[in-house]
Amino acid sequence: MRAGTGKPIVGKHEEQASPKHVAIIMDGNGRWAQARGKPRLFGHHAGAQRVREIVKACPELGVRYLTIFAFSTENWKRTQAEVSGLMKLFRRYMMDEARALISSGVRIRFIGDRIKLDETLVALMDELELLTCDNDVVHLTVALNYGGRDEVARATKRLCREVKAGRIDPESVDGETLARFLDTYVLPDPDLVIRTSGEARISNFLLWQSAYSEYVFVDTLWPDFTREELEQVLATFSTRERRFGTVPG
Ligand code: IPE
Ligand code: IPE
Ligand code: MG
């Protein structure tokens, strides 16, 4: 309520339909493990199990695009043991999940810089993208060695090459031109970004693409994030009024 007037601060507005694209910063695996007296990798394994449940729930809840943050360009700063454990987990997960992803109609894509990733992992990523390229039930994008600033810098580099080669007039460059060079060029912008574990920051995730996304921060640690909690977050999203800079009429 607006103080003294008895009027609600936000006027009546239409309920939002289900978000078409949900992006998740899956945070809190380490703390989840520590709370159980286990090594951090134990939490990452538990977190990977959650991904399965959430991917399955998406088409049932009307979400066509799901993008998940698995490893950031800054996560290399962790101990060598944690980084190599995570890389091994990604390889194992991709091998174990391949068949289920293909048969359940999931189209998988990866965003992020592949240059620093192990060859065998990159080969698996390429294979999964190819094997699922005709799927259309849900589009799962995994951000691996992804950083929003790094992505914009790499996109700018490619754009500059096109300008240098005379294929793009620098005077014609606008936001849409740059967006075509981003890793996400085929994806719609996320409508909703969720971060688990109580941290209220972006940590370099989808900086460009989330310009007008709704954010929901939840305290739950990622390995405890269930389908029911996703449904609650979607209910919160449905009450938000998105304005995109306009004045509500
Ligand atoms: C998120 O969980 C997973 C990755 C960053 C790979 P964290 O590992 O960041 O868990 P906390 O934040 O330390 O609890
Ligand atoms: C963001 O989480 C990256 C992923 C979830 C993969 P972090 O745990 O790395 O972020 P900070 O360090 O708390 O900002
Ligand atoms: Mg974290």
Side-chain angles (χ1 to χ4, degrees), residues 21-55 58 65-94 96-97 108-118 121-122 124-125 128 140-154 182-184 187 190 192-210 213-226 229-230 233:
H21 184 177
V22 173
I24 308 183
I25 303 174
M26 309 182 292
D27 198 13
N29 296 349
R31 278 164 283 169
W32 185 90
Q34 273 156 1
R36 286 158 180 77
K38 303 274 193 189
R40 295 178 57 84
L41 272 167
F42 183 74
H44 294 315
H45 280 269
Q49 300 307 311
R50 277 296 168 208
V51 172
R52 192 173 295 144
E53 179 184 342
I54 297 302
V55 172
C58 280
Y65 292 84
L66 174 68
T67 298
I68 53 175
F69 203 4
F71 193 88
S72 77
T73 45
E74 287 73 36
N75 287 147
W76 298 103
K77 294 179 199 157
R78 297 186 178 199
T79 64
Q80 213 252 317
E82 183 169 352
V83 170
S84 62
L86 275 166
M87 295 300 153
K88 208 168 140 192
L89 172 65
F90 297 147
R91 273 198 297 275
R92 167 115 71 85
Y93 186 84
M94 285 178 208
D96 290 352
E97 290 300 298
I108 190 159
R109 295 184 177 89
F110 294 91
I111 55 170
D113 193 357
R114 298 178 189 207
I115 209 88
K116 263 180 103 174
L117 299 172
D118 184 83
L121 181 62
V122 175
L124 269 171
M125 291 157 64
L128 269 179
L140 171 66
T141 302
V142 182
L144 225 170
N145 191 28
Y146 175 87
R149 287 183 173 178
D150 178 66
E151 180 192 32
V152 172
R154 285 186 289 104
L182 294 172
D183 298 348
T184 52
L187 303 175
L192 168 65
V193 178
I194 304 169
R195 183 172 187 146
T196 58
S197 90
E199 310 294 351
R201 56 179 171 266
I202 307 176
S203 301
N204 209 2
F205 189 46
L206 300 177
L207 295 183
W208 177 283
Q209 299 84 344
S210 65
S213 303
E214 294 297 322
Y215 275 85
V216 174
F217 299 98
V218 297
D219 288 336
T220 312
L221 303 173
W222 174 251
D224 291 328
F225 190 82
T226 57
E229 186 145 14
L230 174 62
V233 174

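Numbering of ligands and ligand atoms starts at 1, following listing order. Note that this is a predicted model, so its numbers are computed, not measured.
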> So, does R78 sit close enough to ligand 1 that a heavy atom of it is under 4.0 Å from the ligand?
Replying inline: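 Yes, R78 has heavy atoms under 4.0 Å from ligand 1.
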> Based purely on interatomic distance, does W32 place a nitrogen or oxygen under 3.5 Å from a nitrogen or oxygen of ligand 1?
Replying inline: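 No, no N or O pair falls under 3.5 Å.
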> Just by modelled atom types, is the N204 backbone N or O under 3.5 Å from a matching donor or acceptor in the R149 side chain?
Replying inline: no
>> Closer than 4.0 Å to some heavy atom of F71 - which atoms of ligand 2 meet that?
In response: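 Taking each heavy atom of F71 in turn, ligand 2 has 6 (C) under 4.0 Å.
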> Nearest protein heavy-atom contact for atom 10 (O) of ligand 1: which residue, which atom, what distance?
Replying inline: G30 N, 2.9 Å
> Heavy atom of Q34 under 4.0 Å from ligand 1?
Replying inline: no
> Under a heavy-atom criterion of less than 4.0 Å, does S197 contact ligand 1?
Replying inline: no
> Where does L221 meet ligand 1, judged by heavy-atom distances below 4.0 Å: at the side chain, the backbone, both, or neither?
Replying inline: neither
> Of the backbone atoms (N, CA, C, O) and the side-chain heavy atoms from C-beta on, which set of A70 has a member under 4.0 Å from an atom of ligand 1: side chain, backbone, both, or neither?
Replying inline: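 Near ligand 1, A70 shows its backbone, while the atoms from C-beta on stay back.
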> Which ligand 1 atoms does R31 reach within 4.0 Å, using its non-hydrogen atoms?
Replying inline: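 Numbered from 1, ligand 1 contributes 11 (P), 12 (O), 14 (O).
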>> Give me the residue, atom name and distance of the protein heavy atom closest to atom 5 (C) of ligand 2.
In response: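 Of the protein heavy atoms, M26 O, 3.5 Å lies nearest.
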>> Out of F205, W222, F69, who is nearest to atom 3 (C) of ligand 2 when you count heavy atoms only?
In response: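 Looking at heavy atoms only, the winner is F69.
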>> Please verify the inter-ring angle class for F42 with W32; under 30° counts as parallel, over 60° as perpendicular, anything in between as tilted.
In response: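 It falls in the parallel class, under 30°.
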> Which atoms from ligand 2 have a heavy atom of R201 less than 4.0 Å away?
Replying inline: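 Those qualifying, in numeric order: 11 (P), 13 (O), 14 (O).
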>> If I consider every N, O or S atom in D27, which one ends up closest to the Mg ion (ligand 3)? I only need its name.
In response: OD1
>> Counting only heavy atoms closer than 4.0 Å, does ligand 1 sit against the backbone of H44, its side chain, both, or neither?
In response: side chain
>> Using side-chain contact (heavy atoms from CB on, under 4.5 Å), reason through F71 and V83 one step at a time and then give a plain yes or no.
In response: CA-CA 9 Å; F71 193 88; V83 170; 4.2 Å; yes
> Where does E74 meet ligand 1, judged by heavy-atom distances below 4.0 Å: at the side chain, the backbone, both, or neither?
Replying inline: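 Neither part.
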>> By the definition side chain to side chain donor-acceptor pair (under 3.5 Å), identify the one residue from R109, R114, Q209, R154 that meets it with D183.
In response: R154
>> Checking contacts now, so for atom 14 (O) of ligand 2, which I'm interested in, is there any protein heavy atom under 4.0 Å?
In response: yes
> Taking N or O atoms only and a 3.5 Å limit, does S72 qualify as a polar contact for ligand 2?
Replying inline: no
